[in-house]
Engineer: 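Questions regarding the structure given below will be posed in turn.
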2 protein chains.
Amino acid sequence: MDAFTAADARVADATLAASRALLGVVARSVVATLDVVSLPQFRVLVMLSSAGPTRMGAVAERMGVIPSTFSRFIDRMVAGGWVERAASPDSRREVLLELTESGRRLVDDVTERRRADISAILSIMTPDQRTALQHALQAFADAAGEPQAADLLTLGL
Amino acid sequence: MDAFTAADARVADATLAASRALLGVVARSVVATLDVVSLPQFRVLVMLSSAGPTRMGAVAERMGVIPSTFSRFIDRMVAGGWVERAASPDSRREVLLELTESGRRLVDDVTERRRADISAILSIMTPDQRTALQHALQAFADAAGEPQAADLLTLGL
DNA sequence: TACAACAATTGTCTAATTACACATTACGGA
DNA sequence: TCCGTAATGTGTAATTAGACAATTGTTGTA
C-alpha cells in the first residue's frame with residue numbers, strides 16, 4: 001500500500017523537529033531533580049508512581065537488570081528515603097516496593113513543573129492555536145497507542 | 001484575571017499526554033543502543049554529532065564532569081572506536097574530539113529509528129490530521145522558543 | 001510430609017564513572 | 001627569554017553498576 005511518500009517523510013521530519021520543543025520541556029523538568037536522584041532511580045520512582053506497589057523481581061525485570069543488582073540498588077534508594085520495602089499480602093517470600101511520601105512528592109514535583117512549563121508556553125499561543133493543538137495531540141497520542149510504558153521507563157521519563 | 005480555565009487545563013493535559021507518547025518514541029530509539037554504548041557515552045556522541053569536533057575541556061564542561069576525569073572516559077570511547085582524538089589546528093595543547101564513522105553511524109541509526117517510529121504513528125492518522133499536527137506543533141515550537149540544548153543533552157536527546 | 005521451584009538477598013568479582021590532587025606540556029605576555 | 005597559566009593527562013580512591021554463584025526462607029506439590 002506504499003504508505004510512505006516523500007510528502008509523508010517531510011511531515012515526519014517536521015514533526016520530529018517541532019517536537020523537540022516538547023522534549024525540551026520534559027528534559028528541563030527532569031534535569032532539575034538529577035541533583036537529588038539519579039536517572040535510573042528516578043525511573044523507578046516514575047514506575048512505582050504509575051503502577052503502585054510492585055514486587056522487587058518485577059521491577060528488576062522491567063529495569064532490565066538482574067535481581068541481585070537490583071536489590072543493592074534499592075538499598076540505596078531506601079537509604080535515601082525514596083522507597084521502602086513492604087511485606088506482600090500474597091506471599092511472605094515476595095517483597096513489595098512502594099514510594100515513600102518523599103518519593104511521591106518528587107515525582108509529583110516533576111510533573112507539576114512540566115505542566116507549569118507547558119501552561120506558560122500555551123499562554124503565548126492564541127486560543128485557536130490551543131484548540132488545534134489539543135485536537136492534533138490527542139490524535140497523535142491515540143495513534144501512538146497506550147504503549148511502551150516499558151520503553152519509557154528505560155530512560156526514566 | 002483567572003487565566004486558567006478548564007479548557008486550558010484540558011490542553012495542558014493533552015500536551016502532557018502527547019509528551020509521554022513522544023518520549024516513548026525517543027526512549028525506544030535510544031534503548032536499542034545501550035547494549036553498545038552507555039548512556040553517558042551516547043550523550044557525548046550526540047553532542048559531537050551536533051557540534052562537530054570539539055575541544056576535550058569544552059565537552060567535559062558541557063557534560064558537567066571535571067576535565068581530568070574526562071580523559072579516561074574518552075580513552076574507553078576511543079578504544080571502542082566511537083570517537084578519536086585529533087590535533088587542533090589552533091594550538092598544540094588542545095585536543096579535539098571527533099566522531100569516527102562508527103560513532104556517526106550509531107547516532108544516525110538512532111535518529112533514523114526515531115524518525116521511522118514517528119512515521120509509523122503518523123501513518124495511522126488521516127492526512128488532514130497529519131497536516132494539522134505539523135502546524136500545531138510548529139506553533140508550539142515557536143511559542144516555546146529554542147529548547148536549552150544543555151537540558152536535552154543531559155538526557156541524550 | 002519431603003522435595004522441587006521460587007523470591008529475595010548476600011558474597012565475590014570486574015568494570016565504569018566520578019572526584020581530587022598532582023604532573024606534563026604548550027602558549028603567551030612582561 | 002622566562003614565568004604564569006591553560007589544556008590535558010596520571011595516580012589514587014570512592015561510589016555505583018553489573019554478573020554469577022550460593023544461601024535463606026517460602027510455597028506448592030507429588
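Treat the numbers as computed from the prediction; the structure is a model and nothing was measured. Each chain gets a letter, A, B and so on, in the order its sequence line appears, and its residues count up from 1.
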Engineer: Let me know the distance between CE of A:M63 and C1' of D:dA17, rounded to the nearest Å.
Structural biologist: 11 Å
Engineer: Counting heavy atoms from C-beta on, name the nucleotide in D:dA19, C:dT9, C:dC27 closest to the side chain of A:I66.
Structural biologist: D:dA19
Engineer: Please work out if A:R72 contacts a base, only the sugar-phosphate, or nothing of the nucleic acid, heavy-atom cut-off 4.0 Å.
Structural biologist: base
Engineer: Evaluate A:Q138 against A:D142 for side chain to side chain donor-acceptor pair (under 3.5 Å), listing each step before the verdict.
Structural biologist: CA-CA 6 Å; A:Q138 267 165 8; A:D142 287 347; over 6 Å; no
Engineer: Would you mind reading off the distance between B:I74 atom CD1 and C:dT18 atom C1', rounded to a whole angstrom?
Structural biologist: 14 Å
Engineer: Starting from the 5' end of DNA chain C, give me the residue, A:R93 or A:S68, whose nearest nucleotide shows up first.
Structural biologist: A:R93
Engineer: For the side chain of A:S71, starting at C-beta, report the closest nucleotide among D:dA17, C:dT10, D:dT27.
Structural biologist: C:dT10
Engineer: State whether the side chain of B:T126 and the backbone N or O of B:Q129 hold a donor-acceptor pair below 3.5 Å, judged by distance alone.
Structural biologist: yes
Engineer: Tell me what A:F73 touches on the nucleic acid: a base, only sugar-phosphate, or nothing, going by heavy atoms under 4.0 Å.
Structural biologist: sugar-phosphate
Engineer: Using modelled atom types and a 3.5 Å cut-off, is there a donor and acceptor pairing between side-chain atoms of A:R43 and backbone atoms of A:M63?
Structural biologist: yes
Engineer: Regarding B:R76, tell me which of base, sugar-phosphate or nothing describes its non-hydrogen contacts under 4.0 Å with the strands shown.
Structural biologist: base
Engineer: Look at the side-chain N and O atoms of B:S38 and state whether any lies under 4.0 Å from the OP1 or OP2 oxygen of C:dA16.
Structural biologist: no
Engineer: Does B:E61 CD have over 12 foreign heavy atoms under 6.0 Å away?
Structural biologist: no
Engineer: Rounded to whole Å, how long is the line connecting atom CZ of A:R85 with atom C1' of C:dA8?
Structural biologist: 9 Å
Engineer: Could you tell me how far apart B:L34 (CG) and C:dA16 (P) are, to the nearest whole angstrom?
Structural biologist: 15 Å
Engineer: To the nearest angstrom, how far is A:M56 atom CE from C:dT10 atom P?
Structural biologist: 10 Å
Engineer: Take the protein atom CG of B:D90 and the nucleotide atom P of C:dA26, then report the distance between them rounded to whole Å.
Structural biologist: 16 Å
Engineer: Whole-Å distance between D:dG9 P and B:E94 CD?
Structural biologist: 12 Å
Engineer: Looking at B:T69 and C:dA19, is any side-chain donor or acceptor paired with a base atom of the opposite kind under 3.5 Å?
Structural biologist: yes
Engineer: Closest to the B:V65 side chain: C:dT9, C:dT18, D:dT8?
Structural biologist: C:dT18
Engineer: Could you state the CZ-C1' distance from A:F70 to D:dA17, rounded to the nearest angstrom?
Structural biologist: 13 Å
Engineer: Indicate whether OP1 or OP2 belonging to C:dC27 is found under 4.0 Å from a side-chain N or O atom of B:R92.
Structural biologist: yes
Engineer: Exactly one of B:T33, B:V107, B:V110 should register a side chain to side chain contact (heavy atoms under 4.5 Å, CB included) with B:L45. Which one does?
Structural biologist: B:V107
Engineer: Looking for any heavy atom pair under 4.0 Å, which part of the strands does A:Q41 touch: base, sugar-phosphate only, or nothing?
Structural biologist: nothing
